Chemist: 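My questions will all concern the structure given below.
Quick note on labels: first sequence line is chain A, next is B, and so on, each numbered from 1. None of these values were measured; they are calculated from a predicted model.
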Amino acid sequence: MGMLKIENLSAEIDGKTILNGISLEVPAGEIHAVMGPNGSGKSTLSYVLAGREGYEVTGGSATFHGQDLLALDPEERAAAGLFLAFQYPVELPGVGNANFLRTALNAIRKTRGEPELDAMQFLKIARERMKALSMPEDMLKRGVNVGFSGGEKKRNEVLQMALLRPQLAILDETDSGLDIDALKIVADGVNAQRAPDFSALIITHYQRLLDYIIPDRVHVLVKGRIVKSGGPELAHALEKEGYASVQEAA
Amino acid sequence: MNAVAGAAGFSHRFEGLRSRLPGAKLPWLDALRGEAAESFGAQGFPTRRVEAWKYTDLNPLGHVSFDEPLTLLDGGVTLPPAIAPRVVFVDGRFREDLSDHPGARSLARHLPELEGRLGVLAQPAREPMAGLNTMLFEDGLLLEIGEGVDGGVMELLSYATACERPQAFHPRHLIRLAPGASLTLIETATGAARARYLHNPVYEIEVAEGARLTHGRLQQEAREAWHLSTVYARVAAGGVYDNFTLNAGGKLARNEIHTALTGARAQCHMNGAQLLVDGQHADTTTALDHAAPDCSSRQTYKTVLSGKSRGVFQGKILVRQAAQKTDGYQMNQALLLSPDAEIDSKPQLEIYADDVKCSHGATVGELDADQLFYLRARGIPESEAKAMLVEAFLQEAVESVAEETLRGALARAVDGWWRAEAAA
């Protein structure tokens, strides 16, 4: 059974239809990529799944382990095991990164019935994970994403994923703004999560991240619907031929 | 006579009590009270037509008739836990039995020594509430820290008991730090849950050469109280006056601070937070007088408003011609948590010196939807996420508080406000 099952999902923002009947299923343990040109609805898909306000679902459904995802608050979705790595991670001046990460981790642990971590326990875990992502330790002391470079912000997203250990990670254009070294670090971070109960939906415009995170399936999103699905080779074909051919098909 | 409401009620009371008020036999004090009574009698409570009171309406006070507090001499009160050696005033009266700070002295018992000191800074004709205080004060804290002495941390607790009828008290606090002295004074103003009262304190503060006063004020009055306070501070050369005011309690509260930097290189920090829930009105009004060269001042005020509450910030910086090389900064920011809340903000600069650095700013905003979503997407429940963002908003003002006891008391106060707010 699919961990994430999207059926005929339609959504609009300010009366404008963005998602136009998407159907997509991500089985447990698989990594799927959603590729598409600008304006095809990629980010809207990730926001609708994560529960951001301002989007109106006008039809269809999205379930996560059989549970109606769209009926849950964003924090309930996170507690259920869904994680969105933001395309544009939000800056939180005045909120320390360590405090933020620990609060989030403890909120998730609480819903799992696990004991909360005190500051020392948390720091030990955080330092290990940060080392793996080549993140300087002083990023814990700074405000969340404040003064971070583009690459640091994306690494901070992957750090959060590594700490929260979601079952489904949606990576929204995580490759944008990354140089090749940072891209490899981020890909390693995602690959390290690979497990029979971990799935990921990688949303991207370009194929290059998929050189490092090999997807099981690739879906092409155009004008709010999936127009083509295939194996990893589809990403390469798109890279060569561009989106023009599939756009015509839509 | 008690049935007479409003300003006239206070004027009547003064006429009746004049010969029995503390220090009534001291001609200088009786004259001081008489003049104050004359100007208060003529003006009454300020109306909104007075520029300084444009946003805070005292009209409701005019319909209340206040009683003199009953003198409680012992027992009968449960005070909040002490945060430092303290001086306790209950219903405006000094309580030696509840005070444990060795430097605690009652102003009323030392009035004959205070000629030429009491009333030097206060401006009863200009500030009607200081006029009312001058007219009717009965007691207050008299505190002097000797030359070069570190006075440590002291708590000034002002507690109001519940009474059947509203009561009013007007304590007069006189504080002097001799050259090189230092002190942290933390005032907690609070009262029994159902108490209805007017607390109208006036502070006259002298910070001598090189002295340093950290003055924390936690205004957490009972929900039905009126708190109208006026602080006058004068800072001599190289002295530092550091004021942090939390304006969180009461039905209507105004904290008015007049600070004059009269010696070269004097410094002043005036920071504060106003945390308001439905039905509250809070006003912070500051007036900073740069009268000497090379002085610096920093002001950061943050207001968080929920429900149908109203906040006011008025801040005036005057830089006199002599005050060259002044470095002045003022920022006030408001966070509106509800569409029914209102903030009025009026910064004012008046500069007569030509070589100064002076800046001010004001912002008004709501919680950022993107920030809130980001936190919730990480599993943090909405109320906790909001609390984190409110705390972040307040951080800049709160982190200006370096003294640990005050910072701790402040953190508890903010936490208490948020829990009350979340429960509402």
Chemist: Are Glu53(A) and Arg376(B) side-chain neighbours, meaning at least one heavy-atom pair lies under 4.5 Å?
Modeler: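 Yes, at least one pair of side-chain atoms sits under 4.5 Å.
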Chemist: Indicate the atoms forming the closest heavy-atom contact of Gly379(B) with Ala107(A), along with that distance.
Modeler: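 Taking every non-hydrogen atom into account, O-CB, 3.2 Å.
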Chemist: Using a heavy-atom distance cut-off of less than 4.5 Å, which residues of residues 123-154 of chain A contact chain B?
Modeler: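 If one takes a 4.5 Å heavy-atom cut-off, the residues of residues 123-154 of chain A near chain B are Val144(A), Asn145(A).
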Chemist: With the side chain counted from C-beta on, respond yes when Tyr374(B) and Tyr88(A) share a heavy-atom pair under 4.5 Å apart, and no when they do not.
Modeler: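 No. Closest side-chain heavy atoms not under 4.5 Å.
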Chemist: Measure from the ring center of Phe373(B) to the ring center of Phe86(A) and say whether it is less than 6.0 Å.
Modeler: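 Phe373(B) vs Phe86(A): aromatic centres under 6.0 Å.
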Chemist: Chain B heavy atoms under 4.5 Å from Arg77(A): which part of the residue, side chain, backbone, both or neither?
Modeler: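 Neither part.
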Chemist: So, Gln371(B) side chain and Val90(A) main chain: donor-acceptor pair closer than 3.5 Å or not?
Modeler: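 No; zero donor-acceptor contacts below 3.5 Å.
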Chemist: Side chain, backbone, both or neither: which part of Leu389(B) has an atom under 4.5 Å from a heavy atom of chain A?
Modeler: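 Side chain only.
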Chemist: Between Ala79(A), Ala50(A), Ala80(A), which shows the greatest number of heavy-atom pairs under 4.5 Å with chain B?
Modeler: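 Looking at each option in turn, the highest pair count goes to Ala50(A).
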Chemist: With a sphere of 6.0 Å drawn around CD of Glu366(B), does it hold more than 12 non-hydrogen atoms of other residues, nucleotides or ligands?
Modeler: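 No - once you tally the heavy atoms of other residues, nucleotides and ligands closer than 6.0 Å, there are 12 at most.
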Chemist: Would you say that more than 12 heavy atoms from the other residues, nucleotides or ligands in this model lie under 6.0 Å from the NZ of Lys42(A), or not?
Modeler: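 Yes, because the 6.0 Å sphere around NZ of Lys42(A) holds more than 12 heavy atoms from other groups.
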Chemist: Closest heavy-atom contact between Ala377(B) and Ala78(A)?
Modeler: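 Distance-wise, the nearest heavy atoms are O-CB, 3.4 Å.
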Chemist: Can you list the steps and then say if Glu384(B) with Thr103(A) is a side chain to side chain contact (heavy atoms under 4.5 Å, CB included)?
Modeler: CA-CA 9 Å; Glu384(B) 201 177 342; Thr103(A) 305; 3.2 Å; yes
Chemist: If we define contacts as heavy-atom pairs under 4.5 Å, which of Pro89(A), Ala104(A), Pro166(A) has the most with chain B?
Modeler: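 Most heavy-atom pairs under 4.5 Å with chain B: Ala104(A).
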Chemist: Distance check, rounded to the nearest 0.5 Å: Asp370(B) atom CG versus Glu91(A) atom CD?
Modeler: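 Atom-to-atom, Asp370(B):CG and Glu91(A):CD are 11.5 Å apart.
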Chemist: Would Leu92(A) and Leu375(B) satisfy side chain to side chain contact (heavy atoms under 4.5 Å, CB included), going step by step from the backbone distance to the final call?
Modeler: CA-CA 9 Å; Leu92(A) 303 174; Leu375(B) 290 168; 3.7 Å; yes
Chemist: Heavy atoms under 4.5 Å from chain A: which residues of residues 297-310 of chain B carry them?
Modeler: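 If one takes a 4.5 Å heavy-atom cut-off, no residue of residues 297-310 of chain B lies near chain A.
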Chemist: Show the nearest heavy-atom pair for residues Ala392(B) and Pro93(A), with the distance to one decimal.
Modeler: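 Taking every non-hydrogen atom into account, CB-O, 3.4 Å.
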Chemist: Heavy-atom pairs under 4.5 Å with chain A are the metric here; pick the option from Glu399(B), Met388(B), Arg378(B) that has the most.
Modeler: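 When all of Glu399(B), Met388(B), Arg378(B) are compared, Arg378(B) has the most.
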